[in-house]
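Below is one structure, written out as structure tokens; the observations come after it.
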2 protein chains.
Amino acid sequence: MLRISKLTDYATLLLTHMARAPQQVYSARGLAEQAALPLPVAAKLLKLLAREGLLVSQRGAAGGYVLARAPQRISMAQILAAVEGPLAVTECALGRGVCEMEKGCATRPHWQLIGHALQVALEAVSLADMVAPKAAPVRLQRLER
Amino acid sequence: MLRISKLTDYATLLLTHMARAPQQVYSARGLAEQAALPLPVAAKLLKLLAREGLLVSQRGAAGGYVLARAPQRISMAQILAAVEGPLAVTECALGRGVCEMEKGCATRPHWQLIGHALQVALEAVSLADMVAPKAAPVRLQRLER
DNA sequence: GTTAAATAGGACTGTACAGGTTCTATATAG
DNA sequence: CTATATAGAACCTGTACAGTCCTATTTAAC
Ligand code: FES
Ligand code: FES
């Protein structure tokens, strides 16, 4: 559990493919075939990613999508945020005031900490890392106290 | 997004309360009141946690639940696994053979890495940490390469 | 200017699963 | 024996995810 949604997974498929030849213009149709996704699904995702600023779109005939910036500068955290919205491990993790028992809640700061660790992990992996043959350079360590 | 389920959140509420006085026996009714949860929900969760080995149950009158081990030895990873099942960030992250395009998939190992970082983060925080006033000692760092 | 090809944006739908309830069986203290 | 507790399963329900479809709008090419 604690899964990312399928849509996010699909999005990374599309983006990693584009990352192999950035600056190139890709049509929704072509990308859908490449990723073996139904066209409507791919199209929907691409529109979303463009709206969120990860892709630049070109309308009209011979149009398509291009990565908005270099693959090194697109993190998994950004992709996830674009597709699923802001990262929030628990309901009341973000948004001060959402939870009524906010003050005096002892578990809250610790959840935030876990959330933060996750955030860093996702930020540390870029699209470029995802297409690299080697594992990405992230490591998490426990500090003694 | 990337939320833990409400149930998991509830479970930590129950467990953290028990962690403040371990070895004590708690009834489902009492815990439900404490956590301001509907009794059926709390009861269901407690049964589950007992089945998963995080709690020891005592049936009959004057029965109830006790933490199966010291709060230091119960990690958030275990709680999450108990409630939501094994951690798997993506569909094909765990279970070799689930995904057909497994071999030759470049994104897979990197997802696994992210999953692993998350796993470590969750293992690093214990139930004892959750009731402690200070933030838990976890830190994630990006390695240069 | 017309046409064809592409994205933009939204409405719509089906469905799987989390979240929650209820009921019956079983164990145990007193 | 009875009251009190958990065990376990069946069941219901709402919602959010996953997926489709339709109607603009933009632009290249002829
Ligand atoms: S802040 Fe919402 S339960 Fe702690
Ligand atoms: S292993 Fe399933 S898509 Fe890569």
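In what follows, chains carry the letters A, B, and so on, assigned in the order in which the sequence lines appear, proteins first and then strands, with residues in each chain numbered from 1.
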With rounding to the nearest 0.5 angstrom, report the [atom1] to [atom2] distance, [X] to [Y].
X	Y	atom1	atom2	result
B:H17	B:L127	NE2	CG	12.0 Å
A:M18	A:I74	CE	CD1	8.5 Å
A:S75	A:Q119	OG	CD	8.0 Å

Quick one: is [X] getting a side-chain N or O under 4.0 Å of the [N] phosphate, OP1 or OP2?
X	N	result
B:R59	D:dT4	no
A:S27	C:dA5	no
A:R51	C:dG9	yes
A:S57	C:dA6	no
B:Y26	D:dA5	no
B:Y10	C:dG20	yes
A:Y65	C:dA6	no

Would you mind reading off the distance between [X] atom [atom1] and [N] atom [atom2], rounded to a whole angstrom?
X	N	atom1	atom2	result
B:L48	D:dT6	CG	P	15 Å
A:L49	C:dT7	CG	P	13 Å
A:Q58	D:dA29	CD	P	11 Å
B:R3	D:dT15	CZ	P	15 Å
B:L31	D:dA5	CG	C1'	13 Å
B:E52	D:dA7	CD	P	13 Å
B:L37	C:dG19	CG	C1'	12 Å
A:L45	D:dT20	CG	C1'	13 Å

A:L39 vs B:R29, nearer the 5' end of DNA chain D by closest nucleotide: B:R29
Along DNA chain D (nearest heavy atom to each residue), the more 5'-positioned of A:G60 and A:I4: A:I4
5' precedence on DNA chain C between A:A62 and A:K44 (nearest-nucleotide basis): A:A62
Touch class at under 4.0 angstrom, heavy-atom based, for A:A43 against every strand present: nothing
Quiz item: B:K47 side-chain donor-acceptor pair to D:dG8 base, under 3.5 Å: yes
Common cluster, B:L55/B:V66, ILVMFWY with side-chain heavy-atom separation under 4.5 Å: no
Step-by-step side-chain contact (heavy atoms from CB on, under 4.5 Å) determination, A:L15 to A:M130: CA-CA 10 Å; A:L15 290 171; A:M130 292 297 270; over 6 Å; no
